[in-house]
Peer 1: 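Starting off with a structure, shown below.
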Amino acid sequence: MSDSDANKMWGGRFKMSPAEIMERINASIDFDQRLARDDLAGSKAHAAMLAATGIISNGDKAAIYKGLDQVADEIAAGTFQYSRALEDVHMNIESRLQELIGEPAGRLHTARSRNDQVATDFRLYVRGGLDAFVTALAGLQVVLARKARTHAATVMPGFTHLQPAQPVTFGHHLLAYVEMFSRDRGRFQDARVRLNECPLGAAALAGTSFPIDRHATANALGFDRPTANSLDSVSDRDFVLETLAAATICAVHLSRMAEEIVLWVTPQFGFLKLSDRFTTGSSIMPQKRNPDAAELCRAKVGRIAGALNSLVIVMKGLPLAYSKDMQEDKEVAFDAFDSLNLAIAAMTGMVEDMQPQPEAMRKAAGYGYSTATDLADWLVRELKMPFRQAHHVTGSIVALAEKDGVDLAGLPLAAMQSVEPRITDAVFSVLSVENSVASRTSYGGTAPHNVEKSAADWVSRLEKEQQTG
Ligand code: ARG
C-alpha cells in the first residue's frame, strides 16, 4: 500500500490506517447517512457562495453542482456506496464527488470545516423534524376536536385522584388534549425560531480568512441569519436539546392519553371500544383484546426522555468548541424523532378508531355521589349558606345516602331535611349528571354548549390551517 493510500482521509500526515476498533468507535456513517439530503443542500449553498464571492470559479461551481446532483440520484436510487473508512456522511459524499468530478471537488471544502458543516446539516434536519411534528400534531388535534364536537354533550365521570369527582363531558375531556397538543406545537414552533440561524462559515471554530458571505448561505438555506459567534456556532446543540425537551413533554401528553385509553377499554371502565385495527389478541387467552398500540404510545416517552437525558449528559461540561462527543447527538435524536412521529400517528389512528360507549360513561358519571358539589352549590345559591357550611351539610347528606345505599337523587327529601330543614324538592333539579354538566357554564367549563363552541372553533381553525398549509 502506498503512503497516500494508507489513510483514506488524512494521507498527508498519517502513515498508518486506523485500528479496526478506532474505525468502529469513530465512524458515524452507519447513522449520519440520514443527513445526506441536508448535507447536499448545505454543500450547494456553500459552493454557490464561493463562486459568487470569487473564491472558486463558476466552472468549478457548475462541476460541483453536477456532481452533487449525481450523488443525490445515487442516494435516492440506493446505489450510493457508503464506506466506514470514510467516517461520516460528509467525507463519503466529498469522496464520491472527487471520483465523479475530480479536482473541483477538492475546492468545495474551502472556508468550511466538518464542524460547521455538521452543525448546519443537523439544524436543517431538526428543522424539518420540528415542522413535521407541528403538522402531525395538527392532524391529531383535528380528529380530537371533531370527536369532541360529536360528544359535546356525552356525559362521563370527571376524576381527581382517579376517584369520581364531578361529571364532565367526553368532548370536554378530549379538548383538554387538544390544548396540550396546542402547547406542544407552540414549543416546537418556538424552538424553530431559535434554531433558525446558520452556522455555516464558522469553519472549524474561529471563522475563516476567505471573503465568504455568510448571509448568502444562510439565506439560501432558509435560515433567518448567520449565527453570530463562530465558537458557539460549532459547539451549540441547544437546538437539539430544546427539540428533545419539547418532544419529551409532548410524549408525556401522549402517554397520559394512552393510559386513559388503556384504562377505558377495560371491562371495568368500558368507556371505549377499539376495533380489531388497533388491538391485538392473546396467543393463549382467546377472549383477550389488548390495547397494545396505546401501551406502546404510553411507553415511547421512555426513549424520548432518555434521548434528552442522554444528550444533556453528553453536552454537560464540554469545553468549547467542538468535541467528538457531540457526534453522540444524532442516534438518540433520530430515535426520539422516529418514536414521537410513530406515537403521534398511532394516537391519531386510535382516536379515529375509538368508539365511545355513552351508556357506560353516563352510568359511571353517577357513581360516587358525583353531584355532591352541585348540592352544596344549591345550598349556597338558594339558602345563602356560606360554602364551607354547605360543604359540611352536603357531607352529612352523602353519609346518609351511603348508609342507605342510594345515590343523592335517590335519597328522599325528608332524609335531606333531617340534615337541613330548609331544603326543598327544587334541589332534585341539580342532582342529575345532565344538569350538573349543563350548569358548568363558566369560561372553560364543561357545559355542553361551551364544549360544542370550543370544539367547533378548533375544527374550523385547524381545517383552515390545513388548507392554507
Ligand atoms: N461526524 C462528525 C459529527 O457528527 C462530524 C464532525 C467531525 N468533526 C471533526 N472535527 N472530527 O460530529
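Indexing begins at 1, ligand by ligand and atom by atom, following the structure's order. This structure is a prediction, so every number in the text was calculated from the model and none was measured.
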Peer 1: In terms of residue, atom name and distance, what is the protein heavy atom nearest to atom 11 (N) of ligand 1?
Peer 2: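 Atom 11 (N) of ligand 1 sits closest to the protein heavy atom Arg114 NH2, 3.4 Å.
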Peer 1: I'd like to know if the side chain of His173 reaches the main chain of Pro157, judged simply by a donor and an acceptor atom lying under 3.5 Å from each other, with no hydrogens or angles considered.
Peer 2: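 Side chain of His173 to backbone of Pro157: no pair is present.
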Peer 1: What distance separates Leu144 CG from Phe181 CZ, expressed to the nearest 0.5 Å?
Peer 2: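 Leu144 atom CG to Phe181 atom CZ measures 6.5 Å (nearest 0.5 Å).
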Peer 1: Give the atoms of ligand 1, by number and element, whose distance to some non-hydrogen atom of Lys330 is under 4.0 Å.
Peer 2: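 Contacts of ligand 1 toward Lys330, numbered from 1: 3 (C), 4 (O), 12 (O).
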Peer 1: Nearest non-hydrogen atom to atom 5 (C) of ligand 1 belongs to which of Val89, Asp88, Leu35, Asp325?
Peer 2: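 Minimum heavy-atom distance to atom 5 (C) of ligand 1 goes to Asp88.
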Peer 1: Tell me which protein heavy atom sits closest to atom 1 (N) of ligand 1, plus the residue, atom name and distance to 0.1 Å.
Peer 2: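 Protein heavy atom with the smallest distance to atom 1 (N) of ligand 1: Gln327 OE1, 2.7 Å.
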Peer 1: Any side-chain heavy atom of Glu87 within less than 4.5 Å of one from Ser28?
Peer 2: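 Heavy-atom side-chain distance check fails, nothing below 4.5 Å.
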Peer 1: To the nearest 0.5 Å, what is the distance between CZ on Arg112 and CD on Gln117?
Peer 2: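 The CD atom of Gln117 is 3.5 Å from CZ of Arg112, to the nearest 0.5 Å.
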Peer 1: Within the 4.0 Å heavy-atom shell around Ser28, which atoms of ligand 1 are there?
Peer 2: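 Those atoms are 1 (N).
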Peer 1: If you have a sec, work out which protein heavy atom is nearest atom 6 (C) of ligand 1 and how many Å separate them, to one decimal?
Peer 2: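 That would be Tyr322 OH, 3.4 Å.
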Peer 1: Give me the nearest non-hydrogen protein atom to atom 9 (C) of ligand 1 as residue plus atom name, then the distance to 0.1 Å.
Peer 2: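 Protein heavy atom with the smallest distance to atom 9 (C) of ligand 1: Asn115 OD1, 3.4 Å.
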Peer 1: Within this structure, what is the CZ-NZ distance for the pair Arg13 and Lys15, rounded to the nearest 0.5 Å?
Peer 2: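 Separation between the atoms: 9.0 Å.
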Peer 1: Test ring-ring contact (aromatic ring centres under 6.0 Å, His included) on Phe170 and Phe271; report intermediate values, then the result.
Peer 2: CA-CA 10 Å; Phe170 184 52; Phe271 291 180; 8.6 Å; no
